[in-house]
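Each remark here refers to the structure printed beneath this line.
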Amino acid sequence: MVNTTYTKSQIIDLLAGIPDPEIPVVSIQEMGMLRDVVITEEGYDIIITPTYTGCPAMGRIEQDILGMMEQHDIAPAKVTLTLDPAWSTDWMSDEAREKLRKYGIAPPLHSSCNKARFGDNVIHCPICNSEHTSMVSRFGSTACKSLYRCNSCLESFEYFKCH
Amino acid sequence: MTKEQALYNYCVRLGDNALVQSYRLSEWCSNAPILEEDLALTNMALDMTGRAQLLLQYAGKVAGHGKTADDMAYRRAEREYRNDLISELPDADFAFTMVRQMLVSTFECFLYAALVSSSDKEIAAIAAKAVKEARYHMAHTSEWVIRLGDGTEESNRRAQSALNILWSYTGGLFETTDADALLLSEGMAADVSQIKTKWQENIEAILREAKLILPADDYQQTGGRQGLHTEYLGHMLTEMQYLHRTYPEAIW
Ligand SMILES: [Zn+2]
């Protein structure tokens, strides 16, 4: 039996608080990973989309969602992974970008920057906002980030790659 | 051959390419010349594991035999693998890895860009993610090929000798079967004959900048499409599938 006392927006509000396991200052909703909630006779279907195809955080996110649903006695619930439309960093809200910057991660440029082979994109330092930065490595601690160095304040920082 | 069989073969081919590349790249874990490169190579491997998982899972769904991505990866023998030969060759050195990945990732940029408009919705959705990742792989590896080719005498020698070996396996990327023709007529597959010219132009531009010479010998070794592999794939699968075959129902 579906507990129909919960509406779609109530569930979205509930799940919107779940943090991204790798960047806990932003939520899965702010990242654009939480796509939809479908309520049918059979129960609640939470639709999510992966950031990267090999994103190891997806399993954890699924567990967190099911845990949250269980905690609030909303059953039966399941999580469905969708690939269409493909996730893009353009879906990140301005608030999420600002949160990333404050956390020390330079937010992604527009996804069109992905098309350049030898990217000469200017990435601003999230600490001092200097534009004199250089890439140390295109691949950082996770698939979604690159490693940069600021030539002004000399700090190293991560850049969330546009996707 | 039915459309379903053709689509199954196509997904297996794409999935196997991703899986085999992923395996070769991950062999660099803790062995790369610098820490940043260790991270880069394993990150690329992770992208390809994800891609392989989606494609092999979809292949299982198309076939309707209920096989999971793990069943597909760990319970098929060498002759059932449909990956391109170029991806299974063992890494002789860092230059070999970079030249190979540059050749293959450049191809994949065009391949997946074309597949974004596949009439098969699932392939199109996977391609939309894969193309973005492939662009990062191409950018990264082509920069390295230029650095190595236009670097020291030693790095140039190694990059050139890698290219000399790898070149005769690039033809496999464009090998087609009757199944491809069927899928092409349905708008599901990518037309590799159209990709070839663009690919060659891009590769030649990178090689020019890298001061590397395109091998004159145009002999091409193919066979991956028929499941005819080099001696190296069997050894790779023996290692990759060992745990799963020893403890078939083991859960991580
Ligand atoms: Zn700075």
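Residue numbers begin at 1 in each chain, while the letters A, B, ... track the order of the sequences.
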Under 4.5 Å from any heavy atom of chain A - which part of B/L46: both
Keeping B/K129 on the side-chain end and A/P50 on the backbone end, is there a donor-acceptor pair under 3.5 Å? yes
Below 4.5 Å from any heavy atom of chain B, which atoms of A/T51 appear? Answer side chain, backbone, both or neither. backbone
Contacting moiety of A/S146, where chain B heavy atoms sit under 4.5 Å: neither
Over 12 foreign heavy atoms within 6.0 Å of CZ, B/R75: yes
Determine whether more than 12 heavy atoms belonging to other residues, nucleotides or ligands lie under 6.0 Å from atom OH of B/Y74. no
Answer with side chain, backbone, both or neither: which region of B/E37 has an atom nearer than 4.5 Å to a non-hydrogen atom of chain A? neither
Return the CG to CD distance between A/L81 and B/Q57, rounded to the nearest 0.5 Å. 8.5 Å
Is any side-chain heavy atom of A/H163 closer than 4.5 Å to one of B/E133? yes
Answer yes or no: are there more than 12 heavy-atom neighbours, outside A/E70 itself, under 6.0 Å from its atom CD? no
Can you tell me how far the OG1 atom of A/T53 sits from the CG atom of B/L55, to the nearest 0.5 Å? 9.0 Å
Roughly how far, to the nearest 0.5 Å, is CE of A/M58 from CD of B/Q53? 11.0 Å
Taking every heavy atom of A/Y52 against every heavy atom of B/Y136, the minimum-distance pair comes out as OH-CE1, 4.4 Å
B/R76 CZ: over 12 foreign heavy atoms closer than 6.0 Å: yes
Does B/K61 have more than 12 heavy atoms from other residues, nucleotides or ligands lying within 6.0 Å of its NZ? no
Could you grab the distance from atom CE of B/M44 to atom CZ of A/R138, nearest 0.5 Å is fine? 9.5 Å
Taking B/N43 for its side chain and A/G140 for its backbone only, find out whether a donor-acceptor pair lies under 3.5 Å. yes
